[in-house]
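Encoded as structure tokens, the structure appears first; notes follow it.
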Amino acid sequence: NAGVTQTPKFQVLKTGQSMTLQCAQDMNHEYMSWYRQDPGMGLRLIHYSVGAGITDQGEVPNGYNVSRSTTEDFPLRLLSAAPSQTSVYFCASTQGGYGYTFGSGTRLTVV
Amino acid sequence: DQQVKQNSPSLSVQEGRISILNCDYTNSMFDYFLWYKKYPAEGPTFLISISSIKDKNEDGRFTVFLNKSAKHLSLHIVPSQPGDSAVYFCAAREGGGSNYKLTFGKGTLLTVNP
């Protein structure tokens, strides 16, 4: 029972590079979301999805794209990385909105 | 505008004593509240939650109190243990529909000293 799996755990990018952060859950949860955590800022919502084929923006969506082609996967894409996107990224899922399971995070550094 | 506020960045308590972590919110549409615990280099883990129709929820050493009129909730840990040392996040969810967005506070670093 893996829960929410995020890959990679660590990544260093150069400014302007692109990459995809992977998130997969095996709990058949309809709702999935991406957060970023910055020092002193708590967790801020980037994008979320209420089901396959449905995505929407959160509080800090600029610079990020998402898609949801399957219930299990919810990748986060950085098209042109910027130093301001240096952060720790967490993926979370829930079914029914009462229990949220988080992944272990991806620590991204943009130089 | 910060809708969920944890005004104490840090808290230090002695082992065996009570830890009280506070959280205030401004959005009257929030109907469900959660506390998460986070160790360094790990993802947040769910601790305890409370619905807006209740004023108290207890789970072992952890109790959450909700005061709707004051838009305030608190997490009590009794007795505190060194393993409780972590960052604690308060989170809130608006009611209605299938939009389960969580709004988080900035967190409180709890240190429990042996």
Side-chain angles (χ1 to χ4, degrees), chain A residues 2-10 21 23 25 27 29-61 68 71 74 88-108, chain B residues 1-10 21-27 29-54 57 59 64 86-109:
Chain A
V4 176
T5 303
Q6 290 184 237
T7 56
K9 292 191 181 301
F10 302 95
L21 280 65
C23 176
Q25 52 94 5
M27 299 169 285
H29 286 173
E30 288 296 321
Y31 181 88
M32 297 185 73
S33 54
W34 277 100
Y35 289 85
R36 61 177 288 174
Q37 185 193 10
D38 301 295
M41 296 296 292
L43 282 83
R44 293 182 292 169
L45 181 65
I46 305 171
H47 284 286
Y48 65 95
S49 169
V50 298
I54 306 170
T55 64
D56 206 345
Q57 297 181 353
E59 180 185 356
V60 288
R68 184 95 179 272
T71 299
F74 190 43
V88 182
Y89 293 84
F90 291 101
C91 179
S93 71
T94 184
Q95 183 71 25
Y98 292 102
Y100 294 75
T101 303
F102 281 80
S104 58
T106 294
R107 184 173 296 273
L108 176 67
Chain B
D1 179 34
Q2 199 179 351
Q3 298 186 64
V4 178
K5 300 177 184 178
Q6 294 178 256
N7 291 319
S8 297
S10 63
L21 294 90
N22 293 304
C23 178
D24 296 293
Y25 63 96
T26 59
N27 187 342
M29 299 301 293
F30 288 148
D31 74 340
Y32 189 67
F33 304 89
L34 308 91
W35 284 93
Y36 277 84
K37 176 179 178 180
K38 186 182 180 303
Y39 293 118
E42 295 184 11
T45 56
F46 172 74
L47 198 56
I48 193 169
S49 62
I50 188 166
S51 167
S52 60
I53 63 174
K54 296 185 175 182
N57 189 27
D59 184 1
V64 56
V87 176
Y88 289 78
F89 290 101
C90 172
R93 190 202 73 189
E94 286 188 29
S98 60
N99 186 342
Y100 302 132
K101 292 190 293 183
L102 287 181
T103 301
F104 283 84
K106 293 184 177 182
T108 296
L109 174 62

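In what follows, every heavy atom counts, from backbone to side chain, and hydrogens, waters and symmetry copies are set aside. Every chain is numbered from 1 and lettered A, B, ... according to where its sequence line falls, protein lines coming before strand lines.
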query: Quick one: what part of B:Leu34 sits under 4.5 Å from any heavy atom of chain A, side chain, backbone, both or neither?
result: side chain
- prompt: Which atoms of A:Leu45 come close to chain B, meaning under 4.5 Å heavy atom to heavy atom: side chain ones, backbone ones, both, or neither?
  reply: side chain
Steps toward side chain to side chain contact (heavy atoms under 4.5 Å, CB included) verdict (A:Gln37, B:Phe89): CA-CA 12 Å; A:Gln37 185 193 10; B:Phe89 290 101; 3.5 Å; yes
- prompt: What residues form a ring-ring contact (aromatic ring centres under 6.0 Å, His included) with B:Tyr25, not counting sequence neighbours?
  reply: B:Phe33
- request: Could you tell me whether the side chain of A:Tyr31 reaches within less than 4.5 Å of the side chain of B:Lys101, counting heavy atoms only?
  value: yes
task: Go through the atoms of B:Ala41 and report whether side chain, backbone, both or neither lie under 4.5 Å from a heavy atom of chain A.
output: backbone
query: Of the listed residues (A:Asp56, A:Leu43, A:Asp38), which shares the most heavy-atom pairs with chain B below a 4.5 Å separation?
result: A:Leu43
message: Please find the pair of heavy atoms, one from A:Phe90 and one from B:Gly43, that lie closest to each other, and give the distance.
response: CE2-CA, 3.4 Å
- prompt: In terms of heavy-atom pairs under 4.5 Å with chain A, which of B:Thr45, B:Thr103, B:Leu102 leads?
  reply: B:Leu102
- prompt: Can you find a pair of side-chain heavy atoms, one from B:Tyr100 and one from A:His29, that are under 4.5 Å apart?
  reply: no
Within residues 99-108 of chain A or reaching into it, pairs that qualify as side-chain hydrogen bond (donor to acceptor under 3.5 Å, both in side chains) - sequence neighbours excluded: A:Lys9-A:Ser104
